[in-house]
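In what follows, a structure is listed as structure tokens, so that the remarks can point back to it.
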Amino acid sequence: MPAQRRIRVTHILTRPELGGAQANTLYTVQHLDRSRFVPSLITSPDGPLAEEMRAVADAQVIFLPEMVREIRPLADGRAACALVRLLRCIQPDIVHTHSSKAGILGRWAARRARVPAVIHTVHGFPFHDHQAAPVRRLYVALERAAARRTDRFICVARSDLDKGEAAGVFRREQAVVIRSGIPLDPCRRAGGSGMAVRRELGVPDGVPLVGMVACLKPQKDPVAFVSVAAQVLREHPHARFLLVGDGELRGAVEAARRDAGLEERLILAGWRRDIPAVMDALDVLVLTSLHEGLPRVVPEAMACGRPVVATAVDGTPEAVADGETGYLVPVGEPAAAAARVSHLLASPERRHAMGEAGRRRVEEFDIDAMVRRQEELYVELAGRAAGVPAA
């Protein structure tokens, strides 16, 4: 009996930056079962994960310079045409796109190239309540148009499943929830590694350290974290604060830090790759996002036994159990976040109890389970495209 042909899966991603969507796509390409799948990846050459992507074994990785995050009609047109040519050459059985820009261009190109099946993962929609109405309507229209070229959707949070259905992007039966995963073992083994991070940053042992790990872009509202820090210091004057990440709002964050007189109290660490050790160094993780998919840093903090204070947006409440593993606060209200952080800093027992509760709840975010569920979906779609009845 002839061996079954392996399924060719091409992932398309806008930019290889240090975000959850990017890290999880890289992990999927690295860990797909090579006895059943032939993975490939198309992305921009610009980003801190580019070298790791280039080094992936047994996978074709193609860097497309025309793929940029910003809306640039000429570059976007060139990128779309280049994607069509590449897909006709690769001849994948499945194209799997991620996030908004690559999702729109990649799905259009996949249909032009007559790819049998197309999957799109929603890592949070590009439309949200903090946009001007015309902008929001434009993004909804673009997502609806791209959806007509999509066989199945993966949502990392149930909130995106609800939002996509309510906006008319897809029918509920077209989508499945597969959690955005994290490698659990590095977090579980991180105990004690935070001491080295504290020494590096000049934060003495025993001094409260409150952190946020996020790209410095409008979605994450990092300037609000500066406000949280200033307000917490009124009750905990010895506390220190750490912001890990970089991006377009770094200048605004630096200005806010300077205006608040926090140069000696708030550390801007830029991008770091040792996130489990960073989490181990913290007493509390804060996330001030205006909108989300399902933020990867939340289960990372939970797996490291750290409580979370986060805005109650989109998929975040599906990870943070309010009052059990941390606290949820209204978006755009730094005072509410500061009050919860201050409460936790004043109660080591409460911090410990919430951290332990987080450890017990984090299993559903296992990144290897995420890969296996995607593999099951690939097999289902490949079989359907080939006319093979589902088992």
Side-chain angles (χ1 to χ4, degrees), residues 14-24 47-49 69 99-100 123-124 126 128 130 156-157 180 182 187 197 201 209-230 232 240-257 262 266-304 306-320 326-334 336-338 340-341 365:
T14 306
R15 186 172 184 270
E17 61 187 8
L18 289 173
Q22 295 79 11
N24 284 7
L49 283 178
R69 177 189 289 169
S99 297
S100 304
H123 301 273
H128 52 84
H130 300 276
V156 298
S180 177
I182 63 165
C187 294
V197 173
L201 299 174
L209 182 61
V210 178
M212 178 163 147
V213 180
C215 182
L216 305 187
K217 59 184 179 180
Q219 174 196 348
K220 303 293 184 177
D221 196 12
V223 173
F225 180 69
V226 181
S227 180
V228 171
V232 170
R240 301 284 183 87
F241 300 86
L242 173 64
L243 186 50
V244 174
D246 213 332
E248 63 190 277
L249 292 183
R250 185 179 180 96
V253 171
E254 290 173 341
R257 180 179 67 164
L262 299 180
L266 172 55
I267 302 163
L268 302 181
W271 290 119
R272 294 186 65 112
R273 307 302 300 275
D274 56 342
I275 298 304
V278 168
M279 294 295 182
D280 189 62
L282 301 180
D283 293 289
V284 181
L285 178 78
V286 174
L287 194 60
T288 55
S289 302
L290 300 176
H291 58 96
E292 277 291 354
L294 198 154
R296 198 171 196 251
V297 294
V298 170
E300 285 176 328
M302 292 165 61
C304 290
R306 296 299 181 266
V308 179
V309 175
T311 47
V313 292
D314 303 316
T316 303
E318 297 174 35
V320 178
Y327 291 113
L328 296 168
V329 298
V331 67
E333 296 188 19
R340 289 304 196 184
V341 171
F365 300 101

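- Distance alone, capped at 3.5 Å, places no donor-acceptor pair between the Gln22 side chain and the Pro16 backbone.
- Of all heavy-atom pairs between Cys304 and Cys187, the closest is SG-CB, 3.6 Å.
- In this structure, a donor-acceptor pair under 3.5 Å is absent between the side chains of Thr288 and Asp221.
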* Asked: Where do Phe365 and Leu294 land on the side chain to side chain contact (heavy atoms under 4.5 Å, CB included) test, with the steps shown first?
  -> CA-CA 10 Å; Phe365 300 101; Leu294 198 154; 3.7 Å; yes
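- Atom CG of Asp314 and atom NE2 of His291 lie 8.0 Å apart (nearest 0.5 Å).
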*I would like to know whether Leu266 and Phe225 meet side chain to side chain contact (heavy atoms under 4.5 Å, CB included); could you show each step before the answer?*
CA-CA 10 Å; Leu266 172 55; Phe225 180 69; 3.7 Å; yes
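- The CG atom of Leu285 sits 10.5 Å away from the CG atom of Leu209 when rounded to the nearest 0.5 Å.
- Considering every non-hydrogen atom in both Glu292 and Val313, the closest pair reads CG-CG2, 4.1 Å.
- Arg240 contributes atom CZ, which lies 14.0 Å from atom CG of Leu282 (distance to the nearest 0.5 angstrom).
- Contact detail for Val228 and Ala337: the closest heavy-atom pair is CG2-CB, 3.9 Å.
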Contacts under 3.5 angstrom, residues 327-334 side chains, donor-acceptor by atom type, not counting sequence neighbours:
{"unit_1": "Tyr327", "atom_1": "OH", "unit_2": "His343", "atom_2": "NE2", "d": "3.3"}
{"unit_1": "Tyr327", "atom_1": "OH", "unit_2": "Arg350", "atom_2": "NE", "d": "3.3"}

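- Results of the side chain to side chain contact (heavy atoms under 4.5 Å, CB included) test with Leu242 over Val210, Val278, Val213 single out Val278 as the only residue that passes.
- Taking each heavy atom of Val197 and Asp274 in turn, the nearest pair found is CG2-OD2, 3.8 Å.
- Shortest non-hydrogen contact noted between Asn24 and Ser180 is ND2-OG, 2.7 Å.
- The main-chain N or O of Leu290 is never found under 3.5 Å from a side-chain atom of Thr311 such that the two would form a donor-acceptor pair.
- Expressed to the nearest 0.5 Å, how far SG of Cys215 lies from CD of Glu248 amounts to 7.0 Å.
- Counting only distance, with no hydrogens or angles, the side chain of Arg306 and the backbone of Met279 share a donor-acceptor pair below 3.5 Å.
- Between Pro222 and Leu243, the shortest heavy-atom distance links the atoms CB-CD2, 4.4 Å.
- Remark: the backbone N or O of Val244 is not paired with any side-chain donor or acceptor of Arg272 at under 3.5 angstrom.
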